[in-house]
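Inspection log for the structure reproduced underneath, given as structure tokens.
Bear in mind the structure is a predicted one, so any value in this text is a computation, not a measurement.
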Amino acid sequence: MNAPVMLRMTGVTRVHGHGAAEVHALRGVDLEVRMGELVAVMGPSGSGKSTLLNLAGGLDTPTSGTVTVGRDDVGTLDATGRARLRRKHVGYVFQDLNLVPALTALENVTLPLELDGMPARRARAEGTASLAAVDLDHLAERFPDDMSGGQAQRVAIARALVGPRRLVLADEPTGALDSVTGEAVMRVLRQRVDAGAAGLLVTHDARHAAWADRIVFLRDGQVVDSTGAAAGPDSLLHRAVNA
């Protein structure tokens with residue numbers, strides 16, 4: 001029996017604009033990501049990779065088809081419901097980071113936990129642990145503008161991984177990092193997935209895609225190829241034994 005599906009996309013299309021200005025960002029995409037599975041998405045610029053992540057994380061809704069996260073049909077949720085889903089269950093690493101300049105690294109990381117009602121002391125403990133996982137706990141009180149680009153990127157990753165996130169979405173999460181730090185970040189992402197989360201990673205780098213269980217290739221908004229097989233208990237046990 002396979003591991004439970006955390007993200008399911010069925011017949012998903014996304015059309016921007018109308019008439020002659022229509023742009024078909026996604027065309028009938030089917031995709032499943034299971035708990036304990038990391039799926040990498042690759043493809044040329046304009047192939048629909050970022051659109052796919054935005055739909056998976058509830059930042060957008062499909063023109064047709066369904067996007068289900070856990071038991072929630074994202075397309076049926078209003079803006080408040082989608083925001084609650086992201087806070088509680090989805091960790092998102094954006095290309096442009098989206099850190100709050102007026103908050104420290106630790107405050108940025110703990111913000112989604114506190115917005116969801118977690119007591120401040122527990123949120124700080126979980127935030128500190130998440131920063132430590134990306135080797136930045138010593139910069140907990142520093143503001144984003146006082147960090148290097150690579151440090152700010154790692155803070156964004158710590159925010160995405162903090163708390164009981166069941167689905168982690170990463171859009172080129174190592175783009176601003178050197179190769180050594182990038183590999184360390186991929187290791188952290190892999191560890192979170194091995195602990196039971198589902199992960200969806202957009203990357204242009206084959207070295208980072210190699211950390212995934214499967215690679216899905218997009219072109220012109222369609223899945224044109226894939227490698228590997230969906231993760232199940234047997235594959236997870238094999239990886240744990242050989243870790």
Side-chain angles (χ1 to χ4, degrees), residues 4-18 23 25-26 29-35 39 41 48-127 130-131 144 152 155-173 189 192-193 196-202:
V5 174
M6 184 62 204
L7 170 67
R8 177 179 282 115
M9 307 180 80
T10 305
V12 170
T13 68
R14 184 63 176 98
V15 181
H16 301 286
H18 302 279
V23 176
L26 291 179
V29 169
D30 295 323
L31 177 68
E32 290 185 353
V33 183
R34 297 178 179 275
M35 305 294 286
V39 176
V41 180
K49 301 187 301 297
S50 293
T51 299
L52 187 148
L53 278 191
N54 287 341
L55 291 171
L59 295 173
D60 195 5
T61 55
T63 303
S64 63
T66 59
V67 178
T68 306
V69 176
R71 297 181 179 179
D72 293 308
D73 182 342
V74 175
T76 66
L77 300 176
D78 60 15
T80 300
R82 293 197 302 274
R84 185 181 302 112
L85 177 71
R86 291 192 299 272
R87 285 200 315 270
K88 291 179 68 68
H89 303 304
V90 181
Y92 205 130
V93 184
F94 300 89
Q95 282 188 356
D96 56 2
L97 307 187
N98 284 355
L99 296 177
V100 181
L103 300 181
T104 66
L106 181 58
E107 289 168 341
N108 267 284
V109 172
T110 60
L111 181 61
L113 302 179
E114 294 183 345
L115 287 175
D116 208 45
M118 181 178 289
R121 179 175 295 180
R122 180 182 167 193
R124 284 183 64 86
E126 295 209 13
S130 192
L131 283 170
V155 172
I157 292 166
R159 181 184 58 190
L161 298 178
V162 74
R165 305 299 178 87
R166 298 185 296 162
L167 176 63
V168 179
L169 308 174
D171 194 355
E172 297 285 359
L189 179 58
R192 175 53 64 92
V193 170
L200 189 61
L201 163 72
V202 162

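- Contact of the M6 side chain with the V69 side chain is registered, since non-hydrogen atoms from C-beta on lie closer than 4.5 Å.
- Remark: the backbone N or O of G75 is paired with a side-chain donor or acceptor of D73 at under 3.5 angstrom.
- Using a 4.5 Å heavy-atom cutoff, the side chains of L77 and R82 are in contact.
- Closest of all the heavy-atom pairs between V93 and A160 is CG2-CB, 3.4 Å.
- Listed by chain and number, the residues in a side chain to side chain donor-acceptor pair (under 3.5 Å) with R86 amount to none (sequence neighbours excluded).
- The only option from V74, L52, T66 that meets the side chain to side chain contact (heavy atoms under 4.5 Å, CB included) definition with M9 turns out to be L52.
- Within the 4.5 Å cutoff, no side-chain heavy atoms of R84 are placed close to those of D72.
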Derivation and outcome, side-chain contact (heavy atoms from CB on, under 4.5 Å), residues L167 and H89: CA-CA 6 Å; L167 176 63; H89 303 304; 5.9 Å; no
Decide side-chain contact (heavy atoms from CB on, under 4.5 Å) for D60 and H16; before the verdict, give the C-alpha distance in whole Å, the side-chain angles of both, and the deciding distance to 0.1 Å. CA-CA 11 Å; D60 195 5; H16 301 286; 4.2 Å; yes
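- Shortest non-hydrogen contact noted between P62 and V12 is CB-CG1, 4.0 Å.
- A heavy-atom distance below 4.5 Å is found between the side chains of P144 and N108.
- Atom CZ of R87 has more than 12 neighbouring heavy atoms from other residues, nucleotides or ligands inside a 6.0 Å radius.
- Checking side-chain atoms of R14 against main-chain N and O of T51 turns up no donor-acceptor pair under 3.5 Å.
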Evaluate side-chain contact (heavy atoms from CB on, under 4.5 Å) for L200 paired with L31, printing each intermediate quantity in order. CA-CA 11 Å; L200 189 61; L31 177 68; 4.1 Å; yes
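- Residues L26 and G48 approach most closely at CD2-O, 3.6 Å, considering heavy atoms.
- Taking both residues in full, the closest heavy atoms of R159 and N98 are given as NH1-O, 2.9 Å, listed atom of the first, atom of the second, then distance.
- Contact annotation: the side chain of L201 never approaches that of V168 to less than 4.5 Å [non-hydrogen atoms, C-beta and beyond].
- Between the side chain of R165 and the backbone N or O of V90, at least one donor-acceptor pair lies under 3.5 Å.
- If you take CD1 on I157 and CG on L131, they are separated by 11.5 Å, rounding to the nearest 0.5 Å.
- Annotation: side chain of T110 is not in contact with side chain of E126 (no heavy-atom distance under 4.5 Å).
- The heavy-atom pair separating M35 from R166 by the smallest distance is SD-O, 4.1 Å.
- To the nearest 0.5 Å, atom CG of residue L85 and atom OG1 of residue T80 are 12.5 Å apart.
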Run the side-chain hydrogen bond (donor to acceptor under 3.5 Å, both in side chains) test on S64 and T13 for me, step by step, so that the C-alpha distance in whole Å, both residues' side-chain angles and the decisive distance to 0.1 Å come before the verdict. CA-CA 5 Å; S64 63; T13 68; 2.4 Å; yes
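- The two residues L55 and V67 come nearest to each other via the heavy atoms O-CG1, 3.5 Å.
- Applying the salt bridge (charged side-chain N to carboxylate O under 4.0 Å, His left out) criterion to D171, with sequence neighbours excluded, gives no partner residue.
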